[in-house]
Amino acid sequence: MYCVTVEFTLKPGAMEAFMPRMRKQRDDSLQLEDGCSTFEIWTGSGQPDRVFLYEIYGSAEDFETHLASDHFKSFAVDIEPLVESRQLNRWDTLA
């Protein structure tokens with residue numbers, strides 16, 4: 001298994017526009033990608049402009065397929081004006 005976490009800091013006031021698009025991306029990833037088994041969206045407690053993603057893929061290759069998908073590319077374009085910063089981390093399981 002392969003884990004990806006992403007932490008977004010949104011531009012002030014962007015949460016209302018960001019979340020519907022984020023939920024659609026989650027749904028598309030889970031429905032359209034066999035390699036995506038988990039896609040959770042978390043918001044920062046007391047931090048109204050923070051969003052944290054926890055995603056599980058079957059392999060690193062499955063995540064690369066995710067990044068190459070049309071639905072991801074469209075998502076990335078749509079959210080760009082709403083995002084101040086983004087931190088992506090990739091995690092491997094330990095046996």
Side-chain angles (χ1 to χ4, degrees):
M1 292 195 346
Y2 190 72
C3 177
V4 175
T5 60
V6 185
E7 188 170 340
F8 292 97
T9 300
L10 304 180
K11 293 180 180 174
M15 183 69 79
E16 187 175 335
F18 180 84
M19 286 308 294
R21 189 60 183 93
M22 183 76 259
R23 287 185 188 102
K24 179 171 177 15
Q25 175 61 10
R26 174 201 57 207
D27 295 347
D28 286 347
S29 297
L30 290 169
Q31 292 172 7
L32 301 174
E33 299 176 36
D34 292 335
C36 181
S37 62
T38 301
F39 195 119
E40 296 179 358
I41 306 167
W42 299 76
T43 56
S45 180
Q47 301 174 28
D49 297 322
R50 303 283 296 268
V51 176
F52 177 82
L53 304 183
Y54 175 76
E55 305 171 44
I56 300 289
Y57 295 86
S59 66
E61 293 78 17
D62 288 332
F63 180 63
E64 294 304 320
T65 298
H66 168 76
L67 294 178
S69 70
D70 289 341
H71 65 89
F72 177 81
K73 291 176 183 177
S74 172
F75 166 75
V77 168
D78 290 349
I79 66 161
E80 189 61 34
L82 306 172
V83 174
E84 189 171 292
S85 67
R86 161 185 8 214
Q87 172 75 38
L88 174 106
N89 291 295
R90 299 168 184 235
W91 308 89
D92 294 307
T93 57
L94 295 177

With salt bridge (Lys or Arg N to Asp or Glu O under 4.0 Å) as the test, would you mind laying out the steps for D27 and R23 before giving the verdict? CA-CA 6 Å; D27 295 347; R23 287 185 188 102; over 6 Å; no
Are side-chain heavy atoms of [X] and [Y] found at a separation under 4.5 Å?
X   : Y   : answer
E55 : V6  : yes
T9  : V83 : no
K11 : L82 : no
R90 : F63 : yes
H66 : C36 : no
I56 : Y2  : no
W42 : L53 : no
Q25 : I41 : no

With F8, which residues qualify under ring-ring contact (aromatic ring centres under 6.0 Å, His included), at least two apart?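 If we apply the ring-ring contact (aromatic ring centres under 6.0 Å, His included) test to F8, skipping adjacent residues, the hits are F18.
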What are the two closest heavy atoms between P48 and M15, and how far apart are they?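 So the minimum-distance heavy-atom pair works out to O-CE, 2.9 Å.
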List the atom of K73, the atom of A68, and the distance in Å for their closest heavy-atom pair.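 Residues K73 and A68, closest heavy atoms: CE-O, 3.3 Å.
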Let me confirm one number: the [atom1]-[atom2] distance from [X] to [Y], rounded to the nearest 0.5 Å.
X   : Y   : atom1 : atom2 : value
L67 : D62 : CG    : CG    : 11.0 Å
D34 : T65 : CG    : OG1   : 10.0 Å
T38 : Y57 : OG1   : OH    : 9.5 Å
E33 : L30 : CD    : CG    : 8.0 Å

For D70, look at atom CG and say whether over 12 heavy atoms of other residues, nucleotides or ligands are found less than 6.0 Å away.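 Not buried by this count: 12 neighbours or fewer within 6.0 Å.
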Would you indicate whether K24, at its atom NZ, is surrounded by more than 12 heavy atoms from other residues, nucleotides or ligands within a distance under 6.0 Å?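 Counting other residues, nucleotides and ligands, NZ of K24 stays at 12 neighbours or fewer.
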Show, in sequence, the C-alpha distance, side-chain angles and deciding distance for H71 and L32, and conclude whether the side chain to side chain contact (heavy atoms under 4.5 Å, CB included) test is met. CA-CA 9 Å; H71 65 89; L32 301 174; 3.9 Å; yes
Co-membership, hydrophobic cluster, residues V77 and M22, 4.5 Å side-chain: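 Hydrophobic grouping puts V77 apart from M22.
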Contact list for residues 75-95, test ring pair (Phe, Tyr, Trp, His ring centres under 6.0 Å), sequence neighbours left out: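 Every candidate ring pair (Phe, Tyr, Trp, His ring centres under 6.0 Å) pair involving residues 75-95 fails, so no pair, neighbours aside, qualifies.
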Audit row: R21, E16, salt bridge (Lys or Arg N to Asp or Glu O under 4.0 Å) steps and yes/no: CA-CA 10 Å; R21 189 60 183 93; E16 187 175 335; over 6 Å; no
For E80, what residues pass the salt bridge (Lys or Arg N to Asp or Glu O under 4.0 Å) criterion, not counting sequence neighbours?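 For E80, the residues satisfying salt bridge (Lys or Arg N to Asp or Glu O under 4.0 Å) (neighbours in sequence not counted) are R86.
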Between F52 and Q47, is the side chain to side chain contact (heavy atoms under 4.5 Å, CB included) condition met? List the steps. CA-CA 11 Å; F52 177 82; Q47 301 174 28; over 6 Å; no
Given V4 and N89, is the side chain to side chain contact (heavy atoms under 4.5 Å, CB included) satisfied, shown in steps? CA-CA 6 Å; V4 175; N89 291 295; over 6 Å; no
